[in-house]
Amino acid sequence: MPDPEHLGSRRNPSMPDTEHLGSGKVRELYALGADRLLLVASDRISTFDVVLPTAIPDKGRVLTGLAAFWFARTLAICPNHLLAVRDDGRSTECRRLTMLPIECVVRGYLSGSGWKDYQATGEVSGHRLPAGLAESDRLPGPIFTPATKAVTGHDENITRAQAGERVGRERLAAVERLSLELYRFAAEYALARGIIIADTKFEFGTDGEGRLVLADEALTPDSSRFWPADKYVPGRPQPSYDKQFVRDFCEQTAWNKTAPGPELPAGVVAGTRARYIEAFERLTGISFADYLAHPEIVLTAPGGTRASGAGNRP
Ligand code: Q0N
């Protein structure tokens with residue numbers, strides 16, 4: 001099968017059973033019959049909300065492998081949509097769900113729109129926070145700060161009361177509990193491997209029986225803020241684990257942060273690719289070459305601990 005990343009048309013005659021359902025900035029979604037989806041992660045990269053014209057080779061494979069690794073290790077916390085990782089390493093077959101109309105954001109540190117909202121109101125999504133916090137400070141405990149996709153395409157923080165109006169109070173309480181538990185597990189695991197997961201976004205759906213299922217791509221640098229722990233200094237913005245070379249390059253050009261973005265020089269591409277691969281290898285304990293040879297290795301290799309600890313290998 002050709003790599004769907006390179007397909008421009010909505011219908012592909014060589015994939016008669018794969019209808020293009022939608023595009024994110026850097027991913028594509030295809031139907032596989034009525035009950036399954038194909039989620040394809042491209043090598044495109046966005047910065048300052050603009051997709052750049054230069055790809056980062058293997059970025060999509062890194063993110064697909066990392067998300068699959070987390071899905072396999074968080075099954076004790078909640079079920080997820082993953083059915084299989086394909087041999088190309090960049091596509092996953094998923095269960096088709098009915099998605100909830102909220103983004104389930106968890107923040108362990110004060111950054112981005114959380115820091116902006118805190119400075120303006122002392123609150124984030126209805127959580128009153130202690131006075132005197134600095135940018136990038138670790139919060140007393142992780143908080144659930146739901147958001148919606150606004151018409152602009154930008155995410156907009158909403159209060160938990162507003163989120164409850166969208167999905168129902170009981171369902172909201174359930175996704176809040178699951179989101180916090182997933183974040184606590186992953187953030188503790190990543191910190192022990194030198195990566196701070198400052199915040200992260202989950203998307204949930206429900207299956208035919210009405211059960212909550214984790215979907216989308218979870219706990220990757222595209223759906224989270226990853227910071228290098230050894231460079232962490234609160235009181236200022238933190239360097240990005242994955243995109244800092246790209247941001248630094250863009251800042252020293254005359255680019256005004258509107259589309260189209262600049263082409264990236266080869267050195268920035270190579271450095272950024274190396275950072276994605278480093279994050280993958282640190283977190284999974286699996287060499288990226290081994291992943292490319294056998295993508296399903298992320299589902300079974302020891303790599304660390306599973307949520308709950310039950311059944312871990314010695
Ligand atoms: C779905 N999105 C939003 C891919 C990601 N398992 C699922 N079942 C039904 N729908 C979805 C999923 C998933 N995952 C999720 N849209 C549909 C994010 N998309 C944006 C485009 O790229």
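We count ligands from 1, going down the list as the structure has it; atoms in each ligand are counted the same way. Every value quoted in this text rests on a predicted model; they were computed, and no experiment measured them.
Within 4.0 Å of ligand 1, protein heavy atoms come from S23, G24, R27, L29, L37, L39, H81, R95, R96, L97, M99, E203, A215, D216.
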Which pairs of donor and acceptor atoms, one on a side chain in residues 122-133, lie under 3.5 Å apart (sequence neighbours left out)?
from: E123; atom 1: OE2; to: R128; atom 2: NE; distance (Å): 3.3
from: E123; atom 1: OE2; to: R128; atom 2: NH2; distance (Å): 3.3
from: S125; atom 1: OG; to: I158; atom 2: O; distance (Å): 2.9
from: H127; atom 1: NE2; to: F144; atom 2: O; distance (Å): 2.7
from: R128; atom 1: NH2; to: T121; atom 2: O; distance (Å): 3.1

Check residues 248-255 and write down every donor-acceptor pair under 3.5 Å in which the side-chain atom is one partner and the other belongs to a residue at least two apart or another chain.
from: D248; atom 1: OD1; to: Q244; atom 2: NE2; distance (Å): 2.9
from: E251; atom 1: OE1; to: K257; atom 2: NZ; distance (Å): 3.3
from: T253; atom 1: OG1; to: C250; atom 2: O; distance (Å): 2.8
from: T253; atom 1: OG1; to: W255; atom 2: N; distance (Å): 3.2
from: W255; atom 1: NE1; to: T258; atom 2: O; distance (Å): 2.7
from: W255; atom 1: NE1; to: P260; atom 2: O; distance (Å): 3.4

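For the ring pair (Phe, Tyr, Trp, His ring centres under 6.0 Å) with Y109, the qualifying choice from W115, Y232, F226 is Y232, the only one to do so.
For T64 and R27, the side-chain atoms include no donor-acceptor pair closer than 3.5 Å.
Comment: D155 does not engage K201 in a salt bridge, judged by the lack of any side-chain N to carboxylate O separation of less than 4.0 angstrom.
Through direct or relayed side-chain contacts under 4.5 Å between Ile, Leu, Val, Met, Phe, Trp and Tyr, M99 connects to L97, V213.
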